[in-house]
A.B. asks: 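Input: one structure, supplied below.
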Amino acid sequence: MPPCAVLIPARNEGPRIGRVVASVRAVLPESPVLVVDGHSEDHTADEAQAAGAEVLTQQGRGYASALFTGYQALQGRGHRRVLTLDADGQHPPEAAPALVARSIEGWDWVVASRQGTRSPTNLVNRLAHAILAEAVRAASGWRPGDPTSGFHLLQNDGLMRFPEWLRAGVADANLRACAGRAGLRVCEVPVWMPGRTGGRSMHAGLQGWRNGVRSLRAVAEARRLVPVSTPVMP
């Protein structure tokens with residue numbers, strides 16, 4: 001199996017990050033693990049280091065900024081394939097080899113998708129996902145099955161293009177719209193994902209609605225940011 005670096009953005013995930021890093025290292029023992037700490041107010045950085053990860057403090061604030069910090073650092077070290085997952089325990093590391101295996105086929109972006117897996121979710125999230133998926137379709141011509149999954153692998157043009165798209169400050173449905181318009185080859189892999197076991201999701205409550213509005217605006221901005229190229233899906 002080809003090597004890949006692993007990127008985990010984390011903020012205030014001290015009770016969970018150690019288990020996530022340890023699980024990733026057990027599944028991908030030869031892959032370096034980089035945790036980008038988003039100015040946590042707890043022991044996230046210490047727990048990540050204790051589990052064997054390198055910890056880097058993110059530049060700026062927010063999820064997109066954390067990803068930007070990580071991708072820039074890993075590209076600067078010559079890594080050409082980067083697997084990203086969240087620190088809250090919702091993304092099962094044991095599914096990582098399936099994403100790596102599909103990347104061998106040449107896909108620019110391999111995404112773990114909840115679609116069709118009966119992963120636990122609520123009505124509000126399902127409605128929000130449907131709206132975002134339709135917004136991506138209107139902006140790019142293809143409809144993602146899971147428009148917000150942060151469990152994915154980038155390589156080739158995907159890894160090269162993502163940092164510039166992250167400058168919009170949003171990192172979910174808008175990336176799908178940009179990828180579709182740029183003609184990247186995208187593959188979704190069904191992966192069952194459990195619910196969050198603790199902490200606070202950025203998609204919860206009033207903050208979640210604000211993030212949803214920002215995502216819709218960023219999807220619309222993708223029309224200006226990325227000229228239309230060839231279709232993304234084969």
Side-chain angles (χ1 to χ4, degrees), residues 1-58 61-71 73-74 77 79 81-103 110-115 117-122 125 146 148-154 171-172 188-205 207-208 211:
M1 181 171 291
C4 69
V6 180
L7 170 62
I8 307 176
R11 173 174 166 78
N12 296 334
E13 297 288 0
R16 292 160 288 278
I17 187 62
R19 291 194 300 272
V20 173
V21 171
S23 297
V24 169
R25 297 186 69 216
V27 173
L28 300 172
E30 298 183 2
S31 295
V33 180
L34 175 64
V35 171
V36 177
D37 179 39
H39 310 283
S40 296
E41 299 169 347
D42 65 1
H43 52 293
T44 293
D46 292 337
E47 292 294 330
Q49 288 179 328
E54 176 189 355
V55 177
L56 186 66
T57 301
Q58 81 173 68
R61 299 271 178 182
Y63 180 64
S65 174
L67 292 179
F68 180 83
T69 299
Y71 290 138
L74 292 171
R77 300 173 190 179
H79 293 290
R81 181 179 280 113
V82 179
L83 176 75
T84 302
L85 69 157
D86 290 350
D88 57 12
Q90 293 190 79
H91 298 157
E94 58 269 21
L99 274 63
V100 176
R102 293 305 303 271
S103 74
V110 182
V111 182
S113 171
R114 301 174 183 84
Q115 186 179 42
T117 66
R118 297 183 182 272
S119 298
T121 185
N122 58 48
N125 284 343
D146 190 334
T148 66
S149 173
F151 188 13
H152 52 76
L153 186 149
L154 287 170
D172 47 50
E188 291 191 323
V189 177
V191 173
W192 183 87
M193 302 181 199
R196 170 182 274 272
T197 58
R200 180 174 176 79
S201 170
M202 65 181 179
H203 299 296
Q207 181 184 3
N211 286 337

A.B. asks: Quick one: list whatever passes salt bridge (charged side-chain N to carboxylate O under 4.0 Å, His left out) with Arg77, sequence neighbours left out.
C.D. replies: Glu54

A.B. asks: Which heavy-atom pair separates Ala26 from Pro29 by the least distance, and what is that distance?
C.D. replies: O-CD, 3.9 Å

A.B. asks: Could you pull out all residues at least two apart from His91 that satisfy side chain to side chain donor-acceptor pair (under 3.5 Å)?
C.D. replies: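 Expected list: none.
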
A.B. asks: In chain order, what residues pass the ring pair (Phe, Tyr, Trp, His ring centres under 6.0 Å) check against Tyr71, with sequence neighbours excluded?
C.D. replies: none

A.B. asks: Report the C-alpha distance between Arg114 and Ser149 in whole Å, list the side-chain angles of each, state the deciding distance to 0.1 Å, and finish with yes or no for side chain to side chain donor-acceptor pair (under 3.5 Å).
C.D. replies: CA-CA 8 Å; Arg114 301 174 183 84; Ser149 173; 4.7 Å; no

A.B. asks: Quick one: side chain to side chain contact (heavy atoms under 4.5 Å, CB included) partners of Ser40, sequence neighbours excluded?
C.D. replies: Arg11, Asn12, Asp37, Asp42, Thr44

A.B. asks: What verdict does the side-chain contact (heavy atoms from CB on, under 4.5 Å) test give for Ile8 and Asp86, after you've listed the backbone C-alpha separation in whole Å, the side-chain angles of each residue and the deciding distance to 0.1 Å?
C.D. replies: CA-CA 6 Å; Ile8 307 176; Asp86 290 350; over 6 Å; no

A.B. asks: Looking at every non-hydrogen atom in both residues, tell me the closest pair between Pro32 and His79 and how far apart they are.
C.D. replies: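 Scanning both residues, the minimum pair turns out to be CG-CE1, 3.6 Å.
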
A.B. asks: Residues two or more places apart in sequence or in another chain: which of them pass salt bridge (charged side-chain N to carboxylate O under 4.0 Å, His left out) with Glu94?
C.D. replies: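 Not a single residue meets the salt bridge (charged side-chain N to carboxylate O under 4.0 Å, His left out) criterion with Glu94.
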
A.B. asks: Under 3.5 Å, side chain of Asp146 to main-chain N/O of Thr148, donor-acceptor pair present?
C.D. replies: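 Present.
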
A.B. asks: Taking only residues two or more places apart in sequence or in another chain, which ones pass side chain to side chain donor-acceptor pair (under 3.5 Å) with Thr117?
C.D. replies: Ser119

A.B. asks: If only atom types and distance count, is the side chain of Ser31 paired as donor or acceptor with the main-chain N or O of Cys4 below 3.5 Å?
C.D. replies: yes

A.B. asks: Using the side-chain contact (heavy atoms from CB on, under 4.5 Å) rule, take Val21 and Val35 through it: C-alpha gap first, then chi angles, then the decisive distance, then the call.
C.D. replies: CA-CA 9 Å; Val21 171; Val35 171; 4.0 Å; yes

A.B. asks: What are the two closest heavy atoms between Leu7 and Gly70, and how far apart are they?
C.D. replies: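 Nearest pair, atom of Leu7 first, then Gly70: CD1-CA, 3.7 Å.
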
A.B. asks: Less than 4.5 Å apart, any side-chain heavy atom of Pro92 and any of Val191?
C.D. replies: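 Yes, their side chains come closer than 4.5 Å.
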
A.B. asks: Can you check whether Val189 reaches Val111 side chain to side chain, under 4.5 Å on heavy atoms?
C.D. replies: no

A.B. asks: Considering only heavy atoms from C-beta outward, does the side chain of His152 approach that of Val110 to under 4.5 Å?
C.D. replies: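 They are not in side-chain contact.
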
A.B. asks: Side chains of Phe68 and Pro9: closer than 4.5 Å at any heavy-atom pair?
C.D. replies: no

A.B. asks: Should Leu154 and Thr84 count as side-chain neighbours, where that means a heavy-atom distance under 4.5 Å?
C.D. replies: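 Not in contact.
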
A.B. asks: Can you name the residues that form a salt bridge (charged side-chain N to carboxylate O under 4.0 Å, His left out) with Arg102, not counting sequence neighbours?
C.D. replies: Glu105

A.B. asks: Specify the closest pair of heavy atoms between Ala87 and Ala10, including all atoms of both residues, with the distance to one decimal.
C.D. replies: CB-CB, 3.6 Å

A.B. asks: Could you state the interatomic distance from CD (Glu13) to NE2 (His43), rounded to the nearest 0.5 Å?
C.D. replies: 10.5 Å

A.B. asks: Apply side chain to side chain contact (heavy atoms under 4.5 Å, CB included) to Ala64 and list each qualifying residue two or more places apart in sequence or on a separate chain.
C.D. replies: Leu166, Ala171

A.B. asks: Take Val6 and Val82, measure what side-chain contact (heavy atoms from CB on, under 4.5 Å) needs, and give me the verdict at the end.
C.D. replies: CA-CA 6 Å; Val6 180; Val82 179; over 6 Å; no

A.B. asks: Apply side-chain contact (heavy atoms from CB on, under 4.5 Å) to Phe151 and Leu99, showing your working.
C.D. replies: CA-CA 9 Å; Phe151 188 13; Leu99 274 63; 4.2 Å; yes

A.B. asks: With rounding to the nearest 0.5 Å, note down the distance linking CZ in Arg19 to CD in Glu47.
C.D. replies: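 So the CZ of Arg19 and the CD of Glu47 are separated by 9.5 Å.
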
A.B. asks: Holding to side chain to side chain contact (heavy atoms under 4.5 Å, CB included), I want the full list of residues that pass it with Gln58, two or more places apart in sequence or in another chain.
C.D. replies: Val36, His39, Ser65, Ala66, Thr69

